[in-house]
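Note that these values count all heavy atoms, side chains included, but never hydrogens, waters or copies made by symmetry. Since this is a predicted model, take the numbers as computed values, not measurements. The chains referred to below are lettered A, B, ... by the order of the sequence lines, with proteins before strands, and numbering in each begins at 1.
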Amino acid sequence: MADQDQLFQFLLRLGDNTLVLGHRVSEWCGHSPVLEEDIALANTALDMIGQTQLWLGLAGEVEGKGRSADDLAFLRDVWDFRNVLLVELPNGDFGRTLMRQFLYDAWSQIMLSKLASSSDDRIAAIAEKASKEVAYHVERSGDTVIGLGDGTEESHTRMQAALDYLWPYVGEMFQSDEVDGAMVAAGIAPDPTSLREEYDAKVQSVMSEATLTIPGSKYAHKGGRTGYMHTEHLGHMLCSMQWLQRAYPGASW
Amino acid sequence: MYAQMIKTARSGVKNREEMSDQEREFQDRIDRDEKIEPKDWMPDDYRATLIRQMGQHAHSEVVGQLPEGNWITRAPTLERKAILLAKVQDEAGHGLYLYSAAETLGESRDELVRLLHEGRMKYSSIFNYPTLNWADIGAVGWLVDGAAIVNQVALQRTSYGPYSRAMIRICKEESFHARQGYHAIMQMAFGTPAQKAMAQDAVNRLWFPAIMMFGPNDSESTHSEQSMAWKIKVKSNDELRQQFVDQTVPQIEYLGLDLPDPGIKWNEERGHYDFSDPDWNEFFDVIKGNGPCNVDRLKDRVDAWEDGAWVRDGLLAHARKKSARTAAE
């Protein structure tokens, strides 16, 4: 059995990814290019918040200090967040939002498919449920990346710019440390590095169809999933996200 | 209800003598409570009035995302955030549904949206008010969706089939929203003193705008008669407003909040609550574009549309390329 603190850290990584990305996507409410996209973005955000409740709920249980999913979401500061940097980046234009979604969804789909056979039944059950939602997300985000990449000259240029901007944040999803090592040893989760090949194949196939070029640089920003160094953006997000809980401590909503 | 002050496309009601045979037959069908379907013959004015009403209703659903979206990023718990996201998603869905219903009358969604953006079509006055504290989100669900339901339950019996069916479906979701909204504000009214103060503030600010949603008093409502004859409108503004007040006052009392209007008082003789008129000058100001949020709301929608042009163009271009490729194969 893995060390409970390491399992807690691992679950925070999953739950913080969905929390932070769900929040970013929800910022689009009422402002998207077409009504169908308003619906789709709200739906995606809703799924991700639902997944957050499950991952952070389990994290609180594993931690054993009586913290709920809400306590973890609303009462931790930046340095305690364990999401990858990719998901905390500001939305940018619609193209960048959907490109980020695809780059995340493609990883999430592979990760969840492995977690569905986790030795920890609780994790397997959440992964199983989330997989169904993510299968739809990746299809939609992938199709949108293809549509816009292979659309007009302007949409192509914007999507290439989005990919160029986001690509250095992709590598962090595949980095591995002692927490991951402990998960692998306990049969709870795969080694993130082992997912890279399948991911690259998936991303390459979508980018080819989208007529977009994956940047050559292998450089990867990191610091989110360890909490060592987030971007400046996360603190601002938490300012609004956590405001009510912070300003009125102990209230029940 | 997200449609108010709908100008009927003709003034006065046509009497039977003035009607053509076709018009008489049409009116007979309505009087027999038959539904009018898209391919049926209908008077041009009936069609035009319905397009206005359904279009305004659709616009309201879409613009209505904004005051609620204002709090999605600040929702205090994951569950509240999920509930709000689901609600906003429903509203956008209603918009889509109503635009589609309007399209059955031969008016495209793009055209309706263009008219909205040019300020030539309206959305409900209520969405020109700000959401200033978290209790507003509860109050919007409870009071605004609650007022909408009162109107829309009546509209389930409206004469135009696609509109009536849209109302039946939409009412189910709106009822759910109203209950969730009431639950959210109840949590606050029974919560800490600060939360209770937020709830009171929300009710005080949103009460009059909510009862304005039903439109002007019947004596001032000049366009209703023909719409009533056509069963596009089923109950009068004042009837609906009274129904809303009667159902809502006990709910405010249950929350232990002060009534937002000193004029609210049970009238034994009428069997209804008396209440004060809202400030109708304010109402007409809002309708004319001078509400607290009119300029920002419309700008948000226009910006979203303009900033999104490249996305719509891109996806369209891709779809064309794809079908050209398929054709070439």
Taking all atoms of both residues into account, what is the closest heavy-atom pair of [X] and [Y], and its distance?
X: A:W253; Y: B:R80; result: O-NE, 2.7 Å
X: B:A82; Y: A:L46; result: O-CD1, 3.2 Å
X: A:G30; Y: B:L66; result: O-CD2, 3.7 Å
X: B:V311; Y: A:L148; result: O-CD2, 3.6 Å

Worked check of side-chain contact (heavy atoms from CB on, under 4.5 Å) between A:D150 and B:K321: CA-CA 9 Å; A:D150 181 35; B:K321 284 187 205 177; 3.1 Å; yes
CA sep, side-chain torsions, deciding dist, call: B:H318, A:D143, side-chain contact (heavy atoms from CB on, under 4.5 Å): CA-CA 11 Å; B:H318 177 72; A:D143 283 352; over 6 Å; no
Residues that B:R320 engages under side-chain contact (heavy atoms from CB on, under 4.5 Å), provided they are two or more places apart: B:L316
All side-chain contact (heavy atoms from CB on, under 4.5 Å) counterparts of A:V78, not counting sequence neighbours: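 Checked A:V78 against side-chain contact (heavy atoms from CB on, under 4.5 Å); matches are A:H230, A:L234, A:L238.
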Flag if over 12 foreign heavy atoms under 6.0 Å of OH, B:Y97: yes
Contact winner vs chain B - A:S155, A:G147, A:A251, heavy-atom pairs under 4.5 Å: A:G147
Chain B interface, residue from A:D93, A:L19, A:I39 that has the most non-hydrogen pairs under 4.5 Å: A:I39
Heavy-atom cut-off 4.5 Å, strictly under: side chain, backbone, both or neither for [X] against chain A?
X: B:L78; result: both
X: B:A184; result: neither
X: B:T73; result: both
X: B:Y99; result: side chain
X: B:A194; result: side chain
X: B:E79; result: both
X: B:M198; result: side chain
X: B:Q195; result: side chain

Residue pair A:D38, B:E91: steps toward the side-chain contact (heavy atoms from CB on, under 4.5 Å) verdict: CA-CA 10 Å; A:D38 272 324; B:E91 311 291 5; over 6 Å; no
B:R109 and A:V34, any side-chain heavy atoms less than 4.5 Å apart: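 SC-SC contact between A:V34 and B:R109 confirmed.
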Partner chain A: residue of B:V63, B:I83, B:N70, B:L96 with the largest heavy-atom pair count (under 4.5 Å):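 Winner by heavy-atom pair count: B:L96.
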Pick from B:A92, B:G93, B:A317, B:P76 with the largest number of heavy-atom pairs that fall under 4.5 Å of chain A: B:P76
Check ion pair B:R325-A:E209 (N to O, under 4.0 angstrom): no
Working to the nearest 0.5 Å, report the span between [atom1] of [X] and [atom2] of [Y].
X: B:L84; Y: A:C29; atom1: CG; atom2: SG; value: 7.5 Å
X: B:K81; Y: A:H23; atom1: NZ; atom2: NE2; value: 4.5 Å
X: A:Q245; Y: B:R74; atom1: CD; atom2: CZ; value: 14.5 Å
X: B:L315; Y: A:I146; atom1: CG; atom2: CD1; value: 11.5 Å
X: A:I49; Y: B:L85; atom1: CD1; atom2: CG; value: 6.5 Å
X: B:W71; Y: A:S240; atom1: CH2; atom2: OG; value: 10.5 Å

Contact residues of residues 300-310 of chain B (partner chain A; heavy-atom separation under 4.5 angstrom):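 Those residues of residues 300-310 of chain B which have a heavy atom under 4.5 Å from chain A are B:D300, B:R301, B:A304, B:W305, B:G308, B:W310.
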B:R312 side-chain N/O to A:P33 backbone N/O, donor-acceptor pair under 3.5 Å: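 Such a contact is found between B:R312 side chain and A:P33 backbone.
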Any pair counted as salt bridge (charged side-chain N to carboxylate O under 4.0 Å, His left out), so long as it reaches residues 188-205 of chain B, sequence neighbours left out: B:D136-B:R205, B:D201-B:R205
B:V62 vs A:L35, side-chain contact (heavy atoms from CB on, under 4.5 Å): CA-CA, chis, key distance, verdict: CA-CA 8 Å; B:V62 173; A:L35 194 47; 3.8 Å; yes
